[in-house]
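Positions are given from 1 along the sequence.
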Amino acid sequence: MPLSWNEIRSRALAFSREWADESSEDAEAKSFWDGFFNIFGITRRRVASFEAPVKKDDGRGGFIDLLWRGVLLVEHKSRGRDLDRAVKQALDYFPGLKERDLPRYVLVSDFARFRLHDLDEKTTCEFTLAELHQNIRLFGFIAGYQSRTFGQEDPVNIRAAERLGRLHDLLKASGFDGHALEVLLVRILFCLFAEDTALFERRQFQDYLEIRTGEDGSDCGMHLAQFFQVLDTPPARRPTTLDESLAAFPYVNGQLFSEALPIAAFDSAMREALLDCCALDWSRISPAVFGSLFQSIMDAKARRAAGAHYTSETNILRLIGPLFLDELWAEFEKVKNNRSRLAEFLNKLSRLNFFDPACGCGNFLVIAYRELRLLELAAIRAARKSGQMVLDVSQLIGVNVDQFHGIELEEWPARIAEVALWLTDHQMNLLVSEEFGQYFARLPLVKAPHIVHGNALAMDWNELIPAERCDFVLGNPPFLGKNYQSEEQRADVARIFAGLPSNMLLDYVACWYRKTAEYMTANPSLRAAFVSTNSITQGEQVSVLWPDLLRRGVKIHFAHRTFQWSSEARGKAAVHCVIIGFGLQDVTDKQLFDYETIQGEPHALKVANINPYLVDGPDVVVSKRRKPFCAVPEMRKGSQPTDGGNLLLSDKERGILLAVEPAASAWIRPFLGSEEFINNVSRWCLWLQDCPPEELRCMPEVLKRVEAVRQMRLASKKAATQEWAKRPSIFTEIRQPSSDYLAVPKTSSERRTIMPLGWLAKECIASTEIFTIPDANPYHFGVLQSAMHMAWMRAVAGRLKSDYRYSASIVYNTFPWPEPTDKQRVAIETAAQSLLAVRSQFPDATLADLYDPLTMPPVLLKAHQALDRAVDSAYLAPGSKAFRSEAERVAFLFVRYQQLAGS
């Protein structure tokens, strides 16, 4: 057990006085360093060697004055000698050391001066012997105290995953697989952390392996089996004849080492891989990210199959902050100066229960636990400041891992979650030790997190933790859109949403919302928050999922609108997410977090209500409509070739065809989808609908393409497509207008604040990526191109990743059009025509050029602003204030939609 800092400081002061005599000789160096280590209650011989032999870079042999492998190298000089030369000499030894033995710290001294180099942090501290006691905390790594900050992308995190992943692969290749391999790696992971965070002595595990096991590795599995057995046995029950190096290990308990495993048959490569793992400083690795990083050995396909999108701390904090943490900190600020209320607050923290029903490797639980412990520490600090005596800090630490509960489908991540919580607990105990100057550790493990593995959607959550005892449900359940779900997952969706029409449209994550809503009925004060795919708040899924949740009383308390979910895992899964916090009880302070860009930082808005589209508006759900609400022209889908690409032509293919078959020119038409329309990309199609058969027979190259269409359709598994093989020269779905038409792209980049619309000639064939409005006029164009319609589109349209995905049935047909006066209609038409005139000033620019936020001409922006004012005035009552933001526009439109839908 490490000494308290007060004791260490006193010993350091005594050491300085003892060695202050300037007559100290080089021969006394060993006594000097033995005494130095004794300051920290460490017997130097147990951890470090004097005169360690090493081969230097020039090939000559040398001796390191003192070496603690993997930790510290000391170069000692006579009093008054040059310390710069001592540092150079110390670094010259590095090439002769194995990589795993390279130290993090280099310490040089001449009895009177110390200079400590931290090679990882690239810091240097120099002080005199007399100042040692003032700088003694620099040597926390010797004492067993080492507070850490964890970088999200710290390279050591990646190296840890790779090294343990290599050990995993070697063991698996040897035939040691399945449950036994998973448990073995979890145990090794615990031991790696334990020896670098003062649960074990520094390098205790590594030294045992290096000294007691042979280099060929053949006895390594046997020694590990005995080692695990010792960790599971209280000292009083251990054999008196037990090897003293094993007897020195503490009793761990916690059921972590209780199961008897098959003995792994190690070889030299496996032993080296294990020792390479030991060489890392595991105290630098956050348990919150390790599980995710280790799973990066899975390939992208496996990750998608599991629906896993691993989470960074930043994104986890975005969820737990508004769910519970911000509120608890605010409560602490109110009570911190009141001794009795502060005691009640500490007691409250120790009674809270947290549940992640899809916990994976426990990232959310680990960060939640860490933040709760940090808050508890702040409260204890405040209690001490108020005059409360703290004789034994362990009596004040009430928050423990048994307040955290989880369900995980796979056993390996479930065990990682369990160990990660224990290790986080120990790291927080080290922080407490640092704060109060007395060592605090929970060993043997008495309390354990409640993590079970199984299908959370097939379990009664009350059996893990009754809803009445649970305070918060949180996590990021598997996303998995309908096209990525396995048969078992589709069966889960069908069972959870039995009787709900169109449930097969839902993402897999929706199941956790329904289960949580049901779980909450026994405890309406329970609150929850999940990270989810943004698709459950957009498009057709909203009309399937949210009416059901709203009927069950669900109220959204806070939400993050669409942002890009970043990950700690290699090959980061790119996904666009939302965070939704909800409960069965309503709250007055609702927060909506919006993002200017999906990679940006959120800004919070206080709102009156958050509806299923994550906008400030009434709880209404926009349902698909076949016809528009208002008296406006019908919008149609473009035409579908179903041709295997044989009726379609690039510029090059068109040129080749016309070179050998000029007659085909009369039957080639421009073929446009969203990409071609917005970026002015040339694409063509053979439009043979009215081509006479005798003329078609005179075009053999065209006939080859028609035959290829016939063969493609015959090979289809769909009977309807096979039937169309009888008419191979024409598209299977023809909806081409007979007059010029207004074109609306189906997909547009989220970078554009305005989705550009425009007129196309009837000769331009619209694909299914273009919607057409044949009977539109400038008034219709003006309203659809306005900020009001763009706001509606952004609120209710679906997404393809983050790009807007327009829909006739969800966006156009549900849009609440204005009811303008004749004067207002004319104003809209005039503004629309002016906008088109401005576009015509840039004949060489594509719509993508004109509507890129970085290249949009100011005159075009001005024309849009004039159009917006004209359209806004048709919505607003006389004397009303203008809309100040998109949020106000959307709120207004939802109220108007509610009126139209109810009429």
Using a 3.5 Å distance criterion without hydrogens, assess whether the side chain of [X] forms a donor-acceptor pair with backbone atoms of [Y].
X      : Y      : answer
Asn353 : Arg351 : yes
His560 : Arg318 : yes
Trp329 : Leu375 : no
Glu195 : Gln206 : yes
Asp219 : Thr213 : no
Asp425 : Leu421 : no
Glu410 : His453 : no
Arg163 : Ala273 : no
Asp196 : Trp282 : yes

Charged N to carboxylate O below 4.0 Å: is that the case for [X] and [Y]?
X      : Y      : result
Arg415 : Glu408 : no
Arg100 : Asp276 : yes
Arg527 : Asp471 : no
Asp169 : Lys172 : no

Does some side-chain heavy atom of Glu463 sit less than 4.5 Å from a side-chain heavy atom of Val452?
no
Are Phe479 and Val531 packed together at the side-chain level, in the sense that at least one heavy-atom pair is separated by less than 4.5 angstrom?
yes
Count the heavy atoms of every other residue, nucleotide or ligand shown that sit under 6.0 Å from CD of Glu518, and state whether that count exceeds 12.
yes
Report the C-alpha separation of Trp512 and Val473 in whole Å, then their side-chain angles, then the decisive distance to 0.1 Å, and conclude whether the side-chain contact (heavy atoms from CB on, under 4.5 Å) test is met.
CA-CA 10 Å; Trp512 275 261; Val473 178; over 6 Å; no
Kindly determine whether Phe227 and Phe205 satisfy ring pair (Phe, Tyr, Trp, His ring centres under 6.0 Å), including the steps that lead there.
CA-CA 9 Å; Phe227 170 66; Phe205 179 50; 5.1 Å; yes
Please step through side chain to side chain donor-acceptor pair (under 3.5 Å) for the pair Asp460 and Asn462, ending with a clear verdict.
CA-CA 5 Å; Asp460 180 357; Asn462 287 283; 3.2 Å; yes
Test His223 against Tyr208 for ring pair (Phe, Tyr, Trp, His ring centres under 6.0 Å), laying out the working first.
CA-CA 9 Å; His223 278 284; Tyr208 175 75; 5.8 Å; yes
Going through the distances and angles, do Trp461 and Phe355 end up as a ring pair (Phe, Tyr, Trp, His ring centres under 6.0 Å)?
CA-CA 9 Å; Trp461 296 355; Phe355 173 36; 5.3 Å; yes
Please evaluate residues Cys278 and Leu192 with respect to the criterion side-chain contact (heavy atoms from CB on, under 4.5 Å), reporting the C-alpha separation (whole Å), side-chain torsions for both, the decisive distance (0.1 Å), and the verdict.
CA-CA 6 Å; Cys278 293; Leu192 294 171; 3.8 Å; yes
What's the shortest heavy-atom distance between Pro357 and Ala456, and which atoms?
O-CB, 3.1 Å
Cys191 to Leu231 - nearest heavy-atom pair and separation:
SG-CD1, 4.0 Å
Report yes or no: is the cationic atom of Arg187 (NZ for Lys, CZ for Arg) closer than 6.0 Å to the six-membered ring centre of Phe228, at no more than 45° off its axis?
yes
Less than 3.5 Å apart, which donor and acceptor atoms pair up between the side chains of residues 175-185 and the rest of the protein, not counting sequence neighbours?
{"residue": "His179", "atom": "ND1", "partner": "Glu411", "partner atom": "OE1", "Å": "2.6"}
{"residue": "His179", "atom": "ND1", "partner": "Glu411", "partner atom": "OE2", "Å": "2.7"}
{"residue": "His179", "atom": "NE2", "partner": "Glu259", "partner atom": "OE1", "Å": "3.1"}
{"residue": "His179", "atom": "NE2", "partner": "Glu259", "partner atom": "OE2", "Å": "2.8"}

Approximate separation, where rounding is to 0.5 Å, of [X] [atom1] and [Y] [atom2]:
X      : Y      : atom1 : atom2 : result
Asn363 : Ile316 : CG    : CD1   : 5.0 Å
Leu352 : Phe472 : CG    : CZ    : 6.0 Å
Phe249 : Glu201 : CZ    : CD    : 8.5 Å
Leu349 : Arg373 : CG    : CZ    : 11.0 Å
Arg370 : Gln427 : CZ    : CD    : 9.5 Å
Glu210 : Arg203 : CD    : CZ    : 5.0 Å

With Phe530 as partner, the option from Leu474, Thr516, Asn476 fulfilling side chain to side chain contact (heavy atoms under 4.5 Å, CB included) is Thr516
Going by atom types only, do Gln489 and Ser486 share a side-chain donor-acceptor pair under 3.5 Å?
yes
Does a donor on one side chain and an acceptor on the other come within less than 3.5 Å for Tyr513 and Ser532?
yes
Take Tyr251 and Thr233 through the test side-chain contact (heavy atoms from CB on, under 4.5 Å) and record every step on the way to the result.
CA-CA 6 Å; Tyr251 172 45; Thr233 306; 5.5 Å; no
Run the side-chain contact (heavy atoms from CB on, under 4.5 Å) check on Asp232 and Leu256 step by step: do they pass?
CA-CA 8 Å; Asp232 194 50; Leu256 181 58; over 6 Å; no
Would you call the rings of His405 and His450 parallel, tilted or perpendicular, taking 30° and 60° as the class edges?
parallel
Could you check Phe354 against Phe324 for ring pair (Phe, Tyr, Trp, His ring centres under 6.0 Å), going step by step and ending with a plain yes or no?
CA-CA 10 Å; Phe354 301 80; Phe324 67 88; 4.8 Å; yes
